[in-house]
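Everything on this sheet refers to the single structure shown next.
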There are 2 protein chains.
Amino acid sequence: MAQLLRRHGVTPTAQRTRIAAAMFARGMHVSAEDVYAAVNQETTSVSRATVYNTLRLLVEKGLINQVIVDPSKVFYDPNVSPHYHLYDIETGELTDVAADQLEIRGLPDLPPGKELDGVDVVVRLRRRV
Amino acid sequence: MAQLLRRHGVTPTAQRTRIAAAMFARGMHVSAEDVYAAVNQETTSVSRATVYNTLRLLVEKGLINQVIVDPSKVFYDPNVSPHYHLYDIETGELTDVAADQLEIRGLPDLPPGKELDGVDVVVRLRRRV
DNA sequence: GTGCTTGCAAATGCTTTGCACAAAA
DNA sequence: TTTTGTGCAAAGCATTTGCAAGCAC
């Protein structure tokens with residue numbers, strides 16, 4: 001884990017290593033609060049400030065991604081390969097869909113001077129009525 | 001405007017009419033704070049609470065949509081026909097793309113007991129380097 | 001008159017920041 | 001030793017809520 005951090009230009013402190021390990025161990029989409037809870041399961045040893053700072057840093061360095069699907073909080077995703085999301089608007093459950101399953105055609109011409117940063121696709125689900 | 005509200009099952013009070021009018025007049029994506037400012041340009045006459053309550057109500061009743069692209073605040077969109085978004089991550093500018101320009105294929109099978117609520121597509125742009 | 005609406009201010013919840021202390025280079 | 005990281009508590013912001021007074025039907 002320390003290797004991975006260093007390879008991405010992040011100094012691997014004890015706290016950062018534990019946070020990154022927690023993210024990749026779950027392999028799932030988690031909120032900052034989830035990470036805070038996971039890292040501090042036994043004893044409280046990593047502060048909220050450090051959790052938030054580190055998550056921001058890991059996003060900057062490309063180790064994880066932000067997922068913006070819920071207006072009330074941000075999710076973090078250790079899967080940085082191209083993929084899309086299923087989001088259950090009732091339970092909050094967030095699931096990956098591999099990018100090669102889904103084909104998008106007809107992307108419009110981009111405005112001049114702009115380039116593509118990425119395409120987010122969120123398929124919203126609800127309980128069948 | 002009052003007609004429109006009534007047709008959607010919303011009792012058209014003075015405040016709600018002004019809020020809805022402000023939304024549709026701009027025809028653009030706005031935040032709650034933008035609406036609050038627009039409605040109170042001259043004299044302060046609609047409270048924040050009412051702006052937030054009314055926007056929530058208009059979303060419930062299907063007159064407008066929420067757009068979730070920015071982790072720090074929600075945008076509201078008076079365009080409820082199917083369409084996607086271009087989002088400039090640097091300027092915050094949000095632009096519509098008509099749905100018929102873009103084709104999505106290979107949507108995965110939905111989990112049992114769930115149905116589609118909608119598909120959000122956000123094309124993120126950045127300044128070309 | 002009864003029930004929905006409004007507005008104020010207070011509360012909430014996620015996230016960021018200031019600053020002193022500790023650890024890394 | 002000079003820079004970088006950590007933690008606490010406080011601050012910040014968008015949004016929601018409790019409650020009393022006002023309007024709709």
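Not measured: the values here are computed from a predicted model. The chains referred to below are lettered A, B, ... by the order of the sequence lines, with proteins before strands, and numbering in each begins at 1. Side-chain atoms are counted along with the backbone in the values below, which use heavy atoms only and exclude waters and symmetry mates.
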Between dT6(C) and Thr13(B), is there an OP1 or OP2 to side-chain N/O distance shorter than 4.0 Å? yes
By nearest atom, which of the nucleotides dT15(D), dT16(C), dT6(C) is closest to the Arg48(B) side chain? dT15(D)
For Ala14(B) and Tyr76(B), take the nucleotide of DNA chain D holding the closest heavy atom to each; which residue's nucleotide lies nearer the 5' end? Tyr76(B)
Take atom CG of Leu58(B) and atom C1' of dT5(C), then tell me their distance rounded to the nearest Å. 14 Å
What integer distance in Å separates Asp34(A):CG from dG13(C):P? 16 Å
For atom OH of Tyr36(A) and atom C1' of dT15(C), their distance in whole Å: 14 Å
Donor-acceptor contacts under 3.5 Å from residues 109-126 of chain A side chains, at least two apart:
{"unit_1": "Lys114(A)", "atom_1": "NZ", "unit_2": "Asp88(B)", "atom_2": "OD2", "d": "2.6"}
{"unit_1": "Glu115(A)", "atom_1": "OE2", "unit_2": "Arg126(B)", "atom_2": "NH1", "d": "2.4"}
{"unit_1": "Asp117(A)", "atom_1": "OD1", "unit_2": "Arg126(B)", "atom_2": "NE", "d": "2.8"}
{"unit_1": "Asp120(A)", "atom_1": "OD2", "unit_2": "Arg124(B)", "atom_2": "NE", "d": "2.8"}
{"unit_1": "Asp120(A)", "atom_1": "OD2", "unit_2": "Arg124(B)", "atom_2": "NH2", "d": "3.0"}
{"unit_1": "Arg124(A)", "atom_1": "NE", "unit_2": "Asp120(B)", "atom_2": "OD2", "d": "2.8"}
{"unit_1": "Arg124(A)", "atom_1": "NH1", "unit_2": "Val69(A)", "atom_2": "O", "d": "3.4"}
{"unit_1": "Arg124(A)", "atom_1": "NH2", "unit_2": "Asp120(B)", "atom_2": "OD2", "d": "3.0"}
{"unit_1": "Arg126(A)", "atom_1": "NE", "unit_2": "Asp117(B)", "atom_2": "OD1", "d": "2.8"}
{"unit_1": "Arg126(A)", "atom_1": "NH1", "unit_2": "Glu115(B)", "atom_2": "OE2", "d": "2.4"}

Are side-chain heavy atoms of Asp77(B) and His85(B) found at a separation under 4.5 Å? yes
Out of dT16(D), dT6(D), dT6(C), minimum distance to the side chain of Arg16(B) belongs to dT6(C)
Does the side chain of Phe24(B) come within less than 4.5 Å of Leu4(B)'s, by heavy atoms? yes
Check the distance between dG5(D)'s C1' and Lys61(A)'s NZ and give it to me in whole angstrom. 14 Å
What is the distance, rounded to the nearest whole Å, between atom CG of Asn53(A) and atom P of dG7(D)? 10 Å
Provide, to the nearest angstrom, the distance between the CZ atom belonging to Arg56(A) and the P atom belonging to dG5(D). 12 Å
Given atom OH of Tyr52(A) and atom C1' of dG7(D), what is their separation to the nearest angstrom? 15 Å
Counting only side-chain heavy atoms from C-beta out, which of dG7(C), dT16(D), dT6(C) sits nearest to Ala49(B)? dG7(C)
Where the side chain of Lys73(A) is defined as all heavy atoms beyond and including C-beta, which of dC14(C), dT16(C), dG7(C) is the nearest nucleotide? dC14(C)
Starting from C1' on dT16(D), measure out to CG on Asp70(A) and report it in whole angstrom. 15 Å
Determine whether the side chains of His29(A) and Asp96(A) contain a donor N or O and an acceptor N or O closer than 3.5 Å. yes
Between dT15(D), dC25(D), dT15(C), spot the one nearest the side chain of Val74(A), thanks. dT15(C)
Between Glu33(B) and Arg6(B), which is nearer to the 5' end of DNA chain D once each is assigned its nearest nucleotide? Glu33(B)
Considering only side-chain heavy atoms of Gln15(A), which listed nucleotide, dG7(D), dT5(C), dG7(C), is closest? dG7(D)
So what does Ser72(B) hit on the nucleic acid, given a heavy-atom distance under 4.0 Å: a base, only sugar-phosphate, or nothing? sugar-phosphate
For Tyr36(A) versus Val46(A), what's the shortest heavy-atom pair and its separation? CE1-O, 3.2 Å
Assign Thr11(A) to base, sugar-phosphate, or nothing according to its heavy-atom contacts below 4.0 angstrom with the strands shown. sugar-phosphate
